[in-house]
There are 2 protein chains.
Amino acid sequence: MFNPLAAKLSSFTDLADGDVAALDALLGAPVTGLAHSDVIREGDRPEQVILLLRGWACRYKVLEDGSRQIVAYLVPGDLCDPHVFILDAMDHSIGLLTDATLAFISREAIVHLTDCCPKIARALWWSTLVDEAVLRHWLVNLGQREAFDRVAHLFCETWDRMRQVGLDAGDALEVPLTQEQLGDTMALTTVHTNRVIQRMRAEGLISVTRKMIRVHDIERLRAMCGYDPTYLHLRRRA
Amino acid sequence: MFNPLAAKLSSFTDLADGDVAALDALLGAPVTGLAHSDVIREGDRPEQVILLLRGWACRYKVLEDGSRQIVAYLVPGDLCDPHVFILDAMDHSIGLLTDATLAFISREAIVHLTDCCPKIARALWWSTLVDEAVLRHWLVNLGQREAFDRVAHLFCETWDRMRQVGLDAGDALEVPLTQEQLGDTMALTTVHTNRVIQRMRAEGLISVTRKMIRVHDIERLRAMCGYDPTYLHLRRRA
DNA sequence: CGCTTCATTGACCCAAATCAATCTACGTGG
DNA sequence: CCACGTAGATTGATTTGGGTCAATGAAGCG
């Protein structure tokens, strides 16, 4: 079975056969979830860690006034917080953006994995540090860039992340998000998100169908928004 | 000597005498730095980790157009990235916001510390996870809250963080930042930051002198902006 | 085929940015 | 000890990116 976590960690380090086997052992009994359902809710004390195998999920918070901010995307290969058990309770929720397949991994399995395989432990560390770097980058995005560049940056980043796990659709990137979800990510209203998307479409950068945005001209998009992927700390390019 | 790192980690777990001694051993030969100087620059490959003992520092990024976004504050007791060595190069800079005292800690000392003292290793983990939670919270702040509430939230968070290391100035909080620095943090112009500060002053919440903001009525500020410190994962309140 | 979820468009509004001075502590050299 | 330079704070006038409100399409689905 295709193991996106192994693919992702391989982009940081060479994994031995034993390491890959250990990662494959995590995949037993995958679970299917529906778009819009929550995997973990704010306030929960998770006893397991989730590994996303198919589909997209996000971390998000909802404010008193009902507004929502998505603070991270999870794509196949993303493991949420291997060390979450140290904290008392979740300070945010994780929800599915599309239908998805998940593996639930017990606390013990994580401990065992990091104890046995130092390479994997180190690679998980790397992954955690990259997640933090992405958060910082998103903060810069929201704080300093205008709407068009915000969305463009998100697409560029996502393209690199999908490539990392071998999930690029040829020359294009498929973003299975509604414009509302995109807006909740980039802190824009649906209306304004739509106008940005229109503009990208008019420029021939992307094409849009219901619930799916296809990014064709990633090169030009990169040039337009001044994208620099250093912060993703990719080691080995395909 | 007062060890703010020990104070901070104590707010997560009980440290044994040996743990405290190990932390104290890190403090040798502190260095003084001037406001506006950089401790680490984007692109550097740090061979040491810094521990802030006195003063304020920040993580930040500068864009092509010269605009700057501060993405985190470091206050006394904050240790930057104990595992930074895993990454290739810094993706952001760390600069001093005020005159400060620092301890530089070698890679070996960190490795030794975490190998010897599992309690400290765990507490450092906790600290890293909290840093990430703070980043998520800042993202929500920038994305969903208006200027006044953004600044109010920052003050409330900072109040809790200073208390955690025993650095509260009685009932008040002293923020030694210029309005430009505050603006670079909350993604506001100096002009607008000033108007927010004026409003807080008119409300009797804070008082201002050159380069120093004093927050008096933290209770009312909390109530006004709906502050909830759950995300800081403080375990034991004073 | 009528609902519901998404996408789209137009008219109007506002929080915050921009532009442009002015003011006020300090700190410094003479 | 004081004139002057400079970083930081303040204020006013004007502009604007993006929000709000309100409909209207359009695709999928039970």
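Keep in mind the model is a prediction, meaning the values are calculated, not measured. Every chain is numbered from 1 and lettered A, B, ... according to where its sequence line falls, protein lines coming before strand lines. Quick note: numbers below take in every heavy atom, side chains included, and nothing from hydrogens, waters or symmetry partners.
Note on B:D81 versus B:R59: salt bridge recorded, some NZ/NE/NH1/NH2 to OD/OE distance being below 4.0 Å. Using a 4.0 Å cut-off between charged nitrogen and carboxylate oxygen, B:R45 and B:D88 do not count as a salt-bridge pair. A salt bridge between A:D78 and A:K8 is present, with a side-chain N of the basic residue lying under 4.0 Å from a carboxylate O of the acidic one.
Distance NE2 (B:H192) to C1' (C:dC19): 16 Å, rounded to an integer number of Å. Distance A:E146 CD to C:dA15 P: 21 Å, rounded to the nearest Å. Going from atom CG of A:D99 over to atom P of D:dC29 covers 11 Å, rounded to whole Å. Atom-to-atom, CZ of A:F148 to P of D:dG18 comes out at 12 Å; the value is rounded to the nearest Å. D:dG25 atom P lies 17 Å from atom CZ of A:R210, rounded to whole Å. Taking atom CZ on B:R145 and atom P on C:dA16, their separation rounds to 13 Å, with Å as the unit. Distance B:M212 CE to D:dA9 C1': 16 Å, rounded to the nearest Å.
Looking at B:E42 and B:S93, their side chains never bring a donor and an acceptor atom within 3.5 Å of each other. The closest side-chain donor-acceptor pair between B:T190 and B:E180, if any, does not fall under 3.5 angstrom. For the residue pair B:Q164/B:R161, the side-chain donor-acceptor check at 3.5 Å is not satisfied. When only modelled atom types and interatomic distance are considered, A:Q198 and A:R195 share no side-chain donor-acceptor pair under 3.5 Å. Under the 3.5 Å distance criterion, with hydrogens and angles disregarded, no donor-acceptor pair is assigned to the side chains of A:Q181 and A:W56. Residues A:T185 and A:Y73 have side chains that bring a donor and an acceptor to within less than 3.5 angstrom of each other.
Near DNA chain D, meaning a heavy atom under 4.0 Å from it, residues 181-188 of chain A has A:A187, A:L188 in order of number. Using a 4.0 Å cut-off on heavy atoms, none of the residues of residues 56-70 of chain A approach DNA chain C.
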Could you run down nucleotides 8-14 of chain C 5' to 3' and tag each one B, S or - for protein heavy-atom contact under 4.0 Å? SBBB---

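Listed pair A:H36 / C:dC6 meets the phosphate criterion, a side-chain N or O lying under 4.0 Å from OP1 or OP2.
Taking the ring axis of B:Y227 as reference, the NZ or CZ atom of B:R222 does not stay both within 45° of it and closer than 6.0 Å to the ring centre.
Residue contacts shown for B:T178 are limited to sugar-phosphate atoms, with no base heavy atom under 4.0 Å away.
Proximity note for A:A147 (side chain, C-beta onward) versus C:dA17, D:dG18, C:dC6: the nearest is D:dG18. Considering only side-chain atoms of B:K211, the nucleotide from D:dG18, D:dG8, D:dT20 that sits closest is D:dG8.
You'll find the ring centres of A:H153 and A:H137 inside the 6.0 Å limit.
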